[in-house]
Number of protein chains: 2
Amino acid sequence: MNWDDARIFLALCREQTLRGAARVLGVDQATVGRRLASLEHALGATLFLRTSGGYSLTAAGEVAMAAALNMESSAAELQRQILGMDDRMSGVVRVTTTDSFAIDVVIPAIARLHQEQPGIEVQLQASTQMLNLSKREADIAVRTLKPENPDLIVRRVARWSSAIFASAAYVQAHGVPKPGTAFAGHDLVLYQPYLDSGKEVTLGSEPITHGRIAMTCTSGLLVRRALVNGLGIGEIPLPFGAADGLVRLWPARECPPYDIWLVTHKDVRHTARVRVVIDAIAEAFAAVSG
Amino acid sequence: MNWDDARIFLALCREQTLRGAARVLGVDQATVGRRLASLEHALGATLFLRTSGGYSLTAAGEVAMAAALNMESSAAELQRQILGMDDRMSGVVRVTTTDSFAIDVVIPAIARLHQEQPGIEVQLQASTQMLNLSKREADIAVRTLKPENPDLIVRRVARWSSAIFASAAYVQAHGVPKPGTAFAGHDLVLYQPYLDSGKEVTLGSEPITHGRIAMTCTSGLLVRRALVNGLGIGEIPLPFGAADGLVRLWPARECPPYDIWLVTHKDVRHTARVRVVIDAIAEAFAAVSG
DNA sequence: TGCCATCTATGCAGATTTGCATCACCAAGG
DNA sequence: CCTTGGTGATGCAAATCTGCATAGATGGCA
């Protein structure tokens, strides 16, 4: 038995004619007739008498109508609850990003959002590994790499230049490295995945061949904290350098900018609570960038 | 919203995988996936998380499942009640029972009935698990446990004593165990669910502590065949012991009898073709018992 | 009676849905 | 390490369903 036939059956009960039911359902009268025939065949019973002046219920049809009304109220309840649940600004939204973005952008954004939408619970996962949005391991991801998957919706929330920074104490103690000397006599703080990538390693477009590697870090936040503590020179995005009170070296030199992407799965992007979290994060990036 | 999608959704809730649901529904796994997508689109909500190792319900999905279960029971009620109004002596009647009852009682009963009522098609399902009559997974059940559901009509068709039996060959080779020795030096055939029940295990009211368990079986028929093949001593109903040509041991000793119940749903009990199948089975039990 | 309005039934073409085949993925086991 | 058996996704052809057009039926009304 096809449950949807009960829906057609019920419309026909109310309208008494194929055309009337078809009009209510938004289908052709032929379809109503065929679906009814299919239901009657499946049940092995005649539900309507084809009288002149319309369809009228048989005894079996009246019994069926009572049960179909129950189905209808269950179906209506299903839709009502699901729709209500989605409209309500409550529930869990899972966000994954790097620790750096989490601390300086996402957390302030969520803090502000929480004032307006206290029902939304954000589960924030700062991780070096990329969680898989397609598998619903998270609802929203903030990344610096653009994913390829066509099911994922990507939106650029910022384009940040980076530059080399050091703490004021470091500069006072070691001075500013001379461009073109490949950091001879200087301590460097590097991002570990960058070293692992196999590409030629530079800081502020300068090779690092004569510098000492003081520390390598597996996340951007660790690099920033190392710089703040005076361990050496490192390359970080401009907004973070400013936020950390670091000294920008070689302000004239340009570094290639990189983009920050906000990624969601197409299935959840229209969910209201996901939507507002996305907007809050994007706003925060705009504020930090501007 | 297509009501029939709720039926697919419910199957997926129970099976956790597209393939499993597809198997139960008798359609392709691709269809299940697309119908789910259609339902989620219609509701504007994500009902399942696509995790590794299957589909698992979201919070919205759990709400939907509760309502879908209501739809299911209404749909089942509809079918049952319509079937209950059917007074034709033709059509399908589904019977579920154990393999033992099926072979020695139900099949002979149906064979006899078929002479008089060739229009009735019995679908006989021998199964260790109990099918759900309320969901109209079957029309008639023959069981040894009395169900509690007030919507089900139970009728006792037999009260059978059981006793311990062995084949003539076994008795010739091993002799008859001495009462009170807990089957020392004898091979035993046991019913697996009885072992699993946690109760103290006895055969013919005798503890089995000194016997060797030669085999455990998951159905009564398997126990009987094991006995016929001389594997050891086992407890089976008296009529089956006689039918299989086994030797009854300790004929003086009494075993507590157990009842056999014939169960139908109240909505279908008055259906003509269900009625005659019930009567045929009950008659067959009376014949075998008497 | 004749005409018209309204309804249902049905042939047919197009649209939709389905199943099949295949691919990619993952975990367990050898 | 590879194989194997399970999973879900997806392109494509076939089957099914739907809508349209039309024919036939029925009842109201002049």
Side-chain angles (χ1 to χ4, degrees), chain A residues 1-43 45-58 61 129-138 147-153 263-269, chain B residues 1-43 45-58 61:
Chain A
M1 170 182 167
N2 180 339
W3 288 9
D4 206 47
D5 287 347
R7 191 167 56 90
I8 277 72
F9 166 73
L10 210 47
L12 186 52
C13 290
R14 295 193 171 107
E15 298 298 321
Q16 306 286 325
T17 69
L18 295 186
R19 292 197 101 85
R23 185 169 7 89
V24 170
L25 294 168
V27 297
D28 193 84
Q29 54 90 7
T31 301
V32 177
R34 289 164 183 146
R35 297 283 288 270
L36 172 66
S38 144
L39 179 65
E40 290 187 329
H41 180 76
L43 295 175
T46 303
L47 302 175
F48 282 101
L49 297 174
R50 277 76 170 168
T51 64
S52 62
Y55 278 53
S56 66
L57 284 167
T58 62
Q129 69 186 352
M130 293 191 175
L131 293 184
N132 192 330
L133 293 196
S134 299
K135 289 198 205 160
R136 303 293 199 288
E137 291 172 349
E148 298 299 328
N149 189 327
D151 287 343
L152 300 179
I153 310 295
V263 191
T264 48
H265 195 282
K266 65 176 167 50
D267 289 351
V268 302
R269 71 181 305 210
Chain B
M1 170 183 168
N2 181 339
W3 287 9
D4 205 46
D5 287 346
R7 192 167 57 87
I8 276 73
F9 165 75
L10 209 47
L12 187 52
C13 290
R14 296 196 170 103
E15 298 297 321
Q16 305 285 318
T17 70
L18 295 184
R19 289 195 122 85
R23 186 169 5 89
V24 170
L25 295 168
V27 297
D28 194 84
Q29 56 92 6
T31 301
V32 177
R34 294 190 270 239
R35 297 284 286 272
L36 172 66
S38 141
L39 179 64
E40 289 187 329
H41 180 76
L43 295 174
T46 304
L47 301 175
F48 282 101
L49 299 174
R50 278 74 169 170
T51 63
S52 65
Y55 279 51
S56 64
L57 284 168
T58 62

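Chain identifiers are assigned alphabetically (A, B, ...) following the order of the sequence lines, protein sequences preceding nucleic acid strands; residue numbering begins at 1 within each chain. As a basis for the values below, the full set of heavy atoms in this structure was taken, side chains included, without hydrogen atoms, waters or symmetry mates.
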Exercise for the section: State whether B/T31 places a side-chain N or O below 4.0 Å from either non-bridging phosphate oxygen (OP1 or OP2) of C/dT18. Expected result: no
Practice task
Assign a letter to each nucleotide of nucleotides 8-14 of chain C from its 5' end: B, base within under 4.0 Å of a protein heavy atom; S, sugar-phosphate only; -, no contact.
Solution key: BBBBB--
Handout entry: B/L18 and B/L12, any side-chain heavy atoms less than 4.5 Å apart
Key =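 Yes; the side chains approach each other to less than 4.5 Å.
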Problem - Side-chain touch A/L25/A/V32, heavy atoms, less than 4.5 angstrom - result: yes
Exercise for the section: Check whether any side-chain N or O of A/E40 sits under 3.5 Å from a backbone N or O of A/L47 as a donor-acceptor pair, and report yes or no. Expected result: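 At least one qualifying donor-acceptor pair exists.
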Kindly give the atom pairs (protein nitrogen or oxygen, nucleotide nitrogen or oxygen) under 3.5 Å for nucleotides 3-5 of chain D.
none

Problem - Results of side chain to side chain contact (heavy atoms under 4.5 Å, CB included) for B/R14 - residues two or more places apart only - result: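 By the side chain to side chain contact (heavy atoms under 4.5 Å, CB included) rule, B/R14 matches B/L10, B/L69, B/E72, B/K135.
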Handout entry: side chain to side chain contact (heavy atoms under 4.5 Å, CB included) involving B/A30 - partner list, sequence neighbours excluded
Key =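 B/A30 satisfies side chain to side chain contact (heavy atoms under 4.5 Å, CB included) with B/D28, B/R34 once adjacent residues are dropped.
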Atom [atom1] of [X] and atom [atom2] of [N]: how far apart are they, to the nearest Å?
X	N	atom1	atom2	value
B/R23	D/dG8	CZ	C1'	15 Å
B/D4	C/dT16	CG	C1'	15 Å
A/L25	D/dG19	CG	C1'	15 Å
B/H41	C/dT16	NE2	P	14 Å

Exercise for the section: For B/E15, enumerate each residue passing the salt bridge (Lys or Arg N to Asp or Glu O under 4.0 Å) test, keeping only those at least two apart in sequence or located in another chain. Expected result: none
Handout entry: Under the salt bridge (Lys or Arg N to Asp or Glu O under 4.0 Å) test, residues paired with A/D5 that sit two or more places apart
Key = A/R35
Exercise for the section: Keeping to residues at least two apart or across chains, list the ring-ring contact (aromatic ring centres under 6.0 Å, His included) pairs with something in residues 6-29 of chain A. Expected result: A/F9-A/F48
